[in-house]
Amino acid sequence: MRRSANRWWQKTGKAFFAAGLALALAACGQPQEAAKPVAQQTNEATPANASAQPEQILRLNNFTEPLSLHPGLISDVWSSNVIFQTFEGLTRIDDKGIPQPAMAQEIKASDDLLTYTFTIRDNAKWSNGDPVTAHDFENAWKWALDSKNGSQYAYQLFYVKNAEAAFAGKAKPEEIGVKATDDKTLVVQLENPTPFFLELTAFYSYFPLNTKVVKDNPDWAKEAGPAYTSNGPFKLAAWEHKNKLTLTKNEHYWDADAVKLTKIEMNMINDANTELSMLESGDLDWAGAPAGNLPLDAMPTLKEKGLLVIKPKAGTYWYEFNTEQKPFDNKKIRQAFSYAINRKDIVENITQGGELVATAVVPPTMFAENEQGLFTDNDMEKAKQLLAEGMKEEGYASVDQLPPITLSYNTEEAQTKIAQAVQDMWQKNLGVHVKLENQEWNVYYENVKNGKYQVARMGWTGDFNDPINFLEIFRTKEGNNHTRWENRQYADLLAASAKEKDAAKRKAILQEAEKILVDDMPVIPFYFKSTVYAQNPKLKGVVISGLGYAQYKWAYFE
């Protein structure tokens, strides 16, 4: 199979296997109406002639060592790319972006959309054969809402009644609005009607944990082996740290008949040239997003040959300021550094993946107006004016008196090229000297989380199809807000949006909040992301969501 898989590359020529790197991260789709129960649908991605299939082993790249393979602890794309294959929530997003019943075979909602009742499937099982119960969901959600456990994504559960209060220690666990009334029935009460709630139940913060396994072994998720139990279409068969993950088909999965792949091999390759070369040789079947990279210098030729797939997604690439460190505790100085960047030059000459210039935070897939943005790109006159005003406020007589400035980024070619371009822009446009500092991803991200940076490359990919997902990051200093920025008016607007039932009024409230965020500039938006990849054409049925996440449940080779 590997030899035949190579032929399609040979037919297109090999002149482009020489260079560069573009990291493709994942993103989002269109807002949906209020979340109500939906009917089970038949998946149409199954091959017509299953009896004549070739070897069903998918080989791809997952870039780096996952930060964790515990659904309650992950927050990065590479960990989630594994978890979305090995675990499953009450719902699963289908190929049209609609949440469908998954672990739940029946979903009922009250007329006011404040109470949901989920009935767990009779044939829902863990990879070790244990039945999946409603208690597994209740206990998992409450585990994440125990602040001692360090779940960065606990706030995704704050839509559940008393969840935020419990996380803050102001309510007891038994007061949280999730209750298993028996093994098969889970009743969930919400703080407010939440239009996207059934999307949330397909997200990993809402995944279950095997109650018995977690109780017997708190370290169950640190290695592959008998203790690592999951409930998705695949199970973790091997974990060679910093080298490769191997998933195999989960024979206990309730919908195992729909799963055609027998194995998924996830390599950890952080060199884009190697990744593309392995695709060319047939050693990989997929290169690029959501969890791999394509060489930047190869992008034009890949486009010319029709081998590059580019899809818009709801994601925003940005730089983050540590607003507690000088000189970026000053709003005008933050604005000056943002306005002094030429985003158009970066997307046209560096990333080259169909990205849109971003001068707002929420992607245009959610706020269409944001394609125009909230400020002017490459506004040199304004940047210089604001820098002068900010320095005066802080008592700096000249740029030479600014504290030393370091721009941090993770080791990867696209990040390096963007950082070098920004360094040059700030030097030429503002007269500011900037030191560059790069680190391997896991080390880099730990430093960012712990506030050990001044300016750092980051960004966000939508978890569900609603603007609140981007805006709620900055509601408090907790969780995924690494900037240490807070604004009471901003937080109050987000709270008001949760209670507003009129969709147009809610949108207006959220847009008002975004204007505050963008004006205060704790992050510098650069561009709205796209999903960019190349693949073996014999591979079918991979579902890439509008959020940029991949599902391999229905994948197969023809």
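This structure is a prediction, so every number in the text was calculated from the model and none was measured.
- Judged by distance alone, with hydrogens and angles left aside, the side-chain atoms of Thr483 form a donor-acceptor pair with the main-chain N or O of Trp485 at under 3.5 Å.
- Separation of atoms CG (Asn442) and CG (Asp76) is listed at 7.5 Å; rounding is to 0.5 Å.
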Please assess Lys96 against Asp94 for the test salt bridge (charged side-chain N to carboxylate O under 4.0 Å, His left out), listing each intermediate value before the final yes or no. CA-CA 5 Å; Lys96 297 177 178 63; Asp94 68 10; 5.8 Å; no
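- Remark: Asp345 pairs with no residue by the salt bridge (Lys or Arg N to Asp or Glu O under 4.0 Å) rule, at least two apart or across chains.
- With sequence neighbours left out, the salt bridge (Lys or Arg N to Asp or Glu O under 4.0 Å) criterion links Lys303 to no other residue.
- Partners of Glu371 by side-chain hydrogen bond (donor to acceptor under 3.5 Å, both in side chains), not counting sequence neighbours: none found.
- By the ring pair (Phe, Tyr, Trp, His ring centres under 6.0 Å) test, Phe207 pairs with no residue at all, sequence neighbours left out.
- For Tyr153 and Phe203, the distance between ring centers is under 6.0 angstrom.
- Here the closest heavy-atom approach between residue Phe328 and residue Val455 is recorded as CE1-CG2, 3.5 Å.
- Residue Tyr445 holds its OH atom at 14.5 Å from OG of Ser408, rounded to the nearest 0.5 Å.
- Under the side-chain contact (heavy atoms from CB on, under 4.5 Å) criterion, Glu240 pairs with Asn243, Lys244, not counting sequence neighbours.
- A ring-ring contact (aromatic ring centres under 6.0 Å, His included) with Phe474 holds for exactly one of Trp460, Trp318, Phe321; it is Trp318.
- Using a cut-off of 4.0 Å between Lys/Arg side-chain N and Asp/Glu carboxylate O, Glu265 and Arg59 are scored as salt-bridged.
- In this view, Asp377 and Arg343 satisfy the side-chain hydrogen bond (donor to acceptor under 3.5 Å, both in side chains) rule, not counting sequence neighbours.
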Stepwise, does the salt bridge (charged side-chain N to carboxylate O under 4.0 Å, His left out) test hold for Glu55 with Lys263? CA-CA 10 Å; Glu55 181 185 34; Lys263 182 188 293 186; over 6 Å; no
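- For Glu320, the salt bridge (Lys or Arg N to Asp or Glu O under 4.0 Å) test picks out no residue, with sequence neighbours left out.
- In this structure, Gln325 and Gly451 approach most closely via the heavy-atom pair NE2-O, 3.7 Å.
- With values rounded to the nearest 0.5 angstrom, Thr323 atom OG1 is found 12.5 Å from His482 atom NE2.
- Aromatic rings of Tyr319 and Tyr409 (six-membered ring for Trp) have centroids beyond the 6.0 Å cut-off, not under it.
- In this structure, the side chain of Tyr228 engages the main chain of Leu69 through a donor-acceptor pair within 3.5 Å.
- Every residue meeting the side-chain contact (heavy atoms from CB on, under 4.5 Å) condition with Gln420, not counting sequence neighbours, appears here in chain and number order: Thr416, Leu436.
- Applying the ring pair (Phe, Tyr, Trp, His ring centres under 6.0 Å) test to His70 and every residue at least two apart in sequence or in another chain returns Trp143, Trp220.
- Shortest non-hydrogen contact noted between Ile544 and Pro290 is CD1-CD, 4.4 Å.
- The side-chain contact (heavy atoms from CB on, under 4.5 Å) search around Lys249 returns Ala256, Val259, not counting sequence neighbours.
- Here Lys529 contributes atom NZ and Thr351 contributes atom OG1; the two are 12.0 Å apart, rounded to the nearest 0.5 Å.
- Remark: the backbone N or O of Asn410 is not paired with any side-chain donor or acceptor of Glu412 at under 3.5 angstrom.
- Counting only residues at least two apart or in different chains, salt bridge (Lys or Arg N to Asp or Glu O under 4.0 Å) contacts with residues 541-555 comprise Asp255-Lys553.
- Note that the OG atom of Ser338 and the CG atom of Asn378 stand 11.0 Å from one another [nearest 0.5 Å].
- Partners of Glu446 under the salt bridge (Lys or Arg N to Asp or Glu O under 4.0 Å) rule, at least two apart in sequence or in another chain, are Lys449.
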